[in-house]
Number of protein chains: 2
Amino acid sequence: MSEPATPFPGGAVNRRRANRGTLGGAADRKVERPAPLRQAVYEALIELIVNRTLQPGQHLVEIELAEYLGVSRQPVREALQRLQTEGWVDLRPAQGAFVHTPTEEEADQLLSVRSVLETHSAKLAAEHATPEEVEMLRDLQGLGVAALKARDVDRLVSANADLHSFITTLSRNDVLAELIGLVDRRVRWYYTPIAGPRGEDAWAEHEQLIDAIAAGDAAEASRIMTVHTERTRLAYHEQRQARASS
Amino acid sequence: MSEPATPFPGGAVNRRRANRGTLGGAADRKVERPAPLRQAVYEALIELIVNRTLQPGQHLVEIELAEYLGVSRQPVREALQRLQTEGWVDLRPAQGAFVHTPTEEEADQLLSVRSVLETHSAKLAAEHATPEEVEMLRDLQGLGVAALKARDVDRLVSANADLHSFITTLSRNDVLAELIGLVDRRVRWYYTPIAGPRGEDAWAEHEQLIDAIAAGDAAEASRIMTVHTERTRLAYHEQRQARASS
DNA sequence: ATACAGACTTTCGTATGCAAAAGACACTGA
DNA sequence: TCAGTGTCTTTTGCATACGAAAGTCTGTAT
């Protein structure tokens, strides 16, 4: 009973004791501050939530997570704090943590916010991108189109994420980039549209978007990104409707 | 040395032991779940940071905060986790927490993001607001104008916050409202413009904004909010320049 | 059979303890 | 005088311990 029914993939997180040997330290080139365990726990938990090992609504018993990950409750609790503020879990006083249950309404709200943020990001990117950076954009686009042709969904999803992420970098606004990162990850948790029939259209829109950024046309980049993200939002609703009627 | 040089205002947070008496429980009407200490610590720390008792860059020694607030290190640590993800402190591994030092660049980025989010919020508010809600907006506007006439800066600042906050509520998008809340608090920490010479202008713009919302004119509400927030951003830069040349 | 009361179990929230990393400081040697 | 080094202090990060709240189950009375 104290063992989780389904063992968590990824295994224990606490490898600290194992690689304590400091001999051959010359191999470590930088300062190499060991990231605290809570960081590893945080990342492990997000992975477990995103891949549905921990399901929405599930009660996360601290001691179970701790034992599975090979740590004590303390770093788990600290990770849960962060996960709450980022919307992955809900912490009910005296009851503990529950994996957040995404409602359709919330998904729509997130998609709406994402649309606005990404649009702003595209506008700023068009204002700031250098020719070298535009070249990098085109490289990323190439990867995506190749993945599309190869019908490689995993690569397609990651290429899409990389492209959008790089555009946020080009915005030269770290605050904006960070917010988009947070919102995007949650959106992708709720809904992964890029694998669907919107693939070709989406990548054609990317093409136009990059052209606008290359031309430094902020208004046009803006407009395209708005259309692009709002279409994604529509695709979400269509998928939802399809689910509902099946 | 273990006592902070400047004692923290607000005093101890742990009054739990004091009001443990459960007799007369009938007075508690709802469930009244006692919020965890970490919540109180979290709020106390934000207050201490915003009012500059804890200054930017200052090293926050856990045991000192804990002793002053009358709790142990644990709830302090958990509060610090949350404060980090919200941008109030920086947590350096094995070194602890430092009050985040806001740079001018970051302030500008925050103001830029805030502008976009508030603009979207105004647009949605115009689409959703009911006549009753518009009346409430006008009431809030009245409070602000009264405070302006009375030259009551405190009331002016809070009226401004209330008005903007209420507009985010009208957007009917909780995710957006929460993000704006976070960004706004940090912006106000960096810079409190409403007390400055922009008072009259700002409240005149509010008037137009409310008219647009009342008319359900989303595009116009949008436009006004963009101008409004971008002017705030300009005011920040002017103030910065004034500081620099003095 | 069902509703209620009370004990029991589980789990959280907080406090405390301990090892280890980071920084401070004085000492040594050139 | 100053760079380098070893020791000592401070503070973090993690683990463990304990009291209390919430949920669960059982037994009893109606």
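Chain A is the first sequence line, chain B the second, and so forth, proteins listed ahead of strands; every chain is numbered from 1.
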Review point. Base, sugar-phosphate alone, or nothing: which one does A:L60 contact when heavy atoms must sit under 4.0 Å apart?
Key: sugar-phosphate

Exercise for review: Output yes when at least one side-chain N/O atom of A:Q95 is less than 4.0 Å from OP1 or OP2 of C:dT11, else no.
Suggested key: no

Exercise for review: Could you tell me the separation between the NE2 atom of A:H59 and the P atom of C:dT10, rounded to a whole number of Å?
Suggested key: 14 Å

Review point. Is there a donor-acceptor contact under 3.5 Å from the side chain of B:T119 to the main chain of B:S115?
Key: yes

**Study point:** Evaluation steps, side chain to side chain contact (heavy atoms under 4.5 Å, CB included), between A:E43 and A:R38
**Key:** CA-CA 9 Å; A:E43 288 162 10; A:R38 60 166 185 265; over 6 Å; no

Revision key, fill the gap. From the candidates D:dA15, C:dT16, C:dC12, the one with an atom nearest any side-chain atom of A:L37 is D:dA15

Exercise for review: Show the numbers, then the answer: is there a side-chain hydrogen bond (donor to acceptor under 3.5 Å, both in side chains) between A:E106 and A:Y190?
Suggested key: CA-CA 10 Å; A:E106 190 188 350; A:Y190 293 2; 3.1 Å; yes

Exercise for review: State whether the side chain of B:H59 and the backbone N or O of B:Q95 hold a donor-acceptor pair below 3.5 Å, judged by distance alone.
Suggested key: yes

Check your understanding: Between D:dG13 and A:Q74, is there an OP1 or OP2 to side-chain N/O distance shorter than 4.0 Å?
Key -> no

Practice item. For A:Y42 and D:dG13, give me the distance from atom OH to atom P, rounded to whole Å. Key: 17 Å

Review point. Are more than 12 heavy atoms from other residues, nucleotides or ligands located less than 6.0 Å from atom CD of B:E178?
Key: no

Review point. Atom CZ of A:R92 and atom P of D:dA21: how far apart are they, to the nearest Å?
Key: 19 Å

Check your understanding: Can you check the A:E64 CD to C:dT10 P distance for me, whole Å?
Key -> 12 Å

Practice item. Nearest whole angstrom, please: distance from the C1' of C:dC12 to the CD of B:E78. Key: 10 Å

**Study point:** Separation of atom CZ in B:R77 from atom P in D:dT12, rounded to whole Å
**Key:** 8 Å

Review point. Quick one: ring-ring contact (aromatic ring centres under 6.0 Å, His included) pairs with a partner in residues 73-97 of chain A, sequence neighbours left out?
Key: A:W88-A:W189

Check your understanding: In whole angstrom, what separates B:E62's CD from C:dA15's P?
Key -> 14 Å

Practice item. For B:I63 and D:dG13, give me the distance from atom CD1 to atom C1', rounded to whole Å. Key: 14 Å

Point to revise | Any residue meeting ring-ring contact (aromatic ring centres under 6.0 Å, His included) with B:F166, in chain and number order, not counting sequence neighbours | key: none

Pull out every protein N or O sitting under 3.5 Å from an N or O of nucleotides 17-19 of chain D, one pair per line with the distance.
none

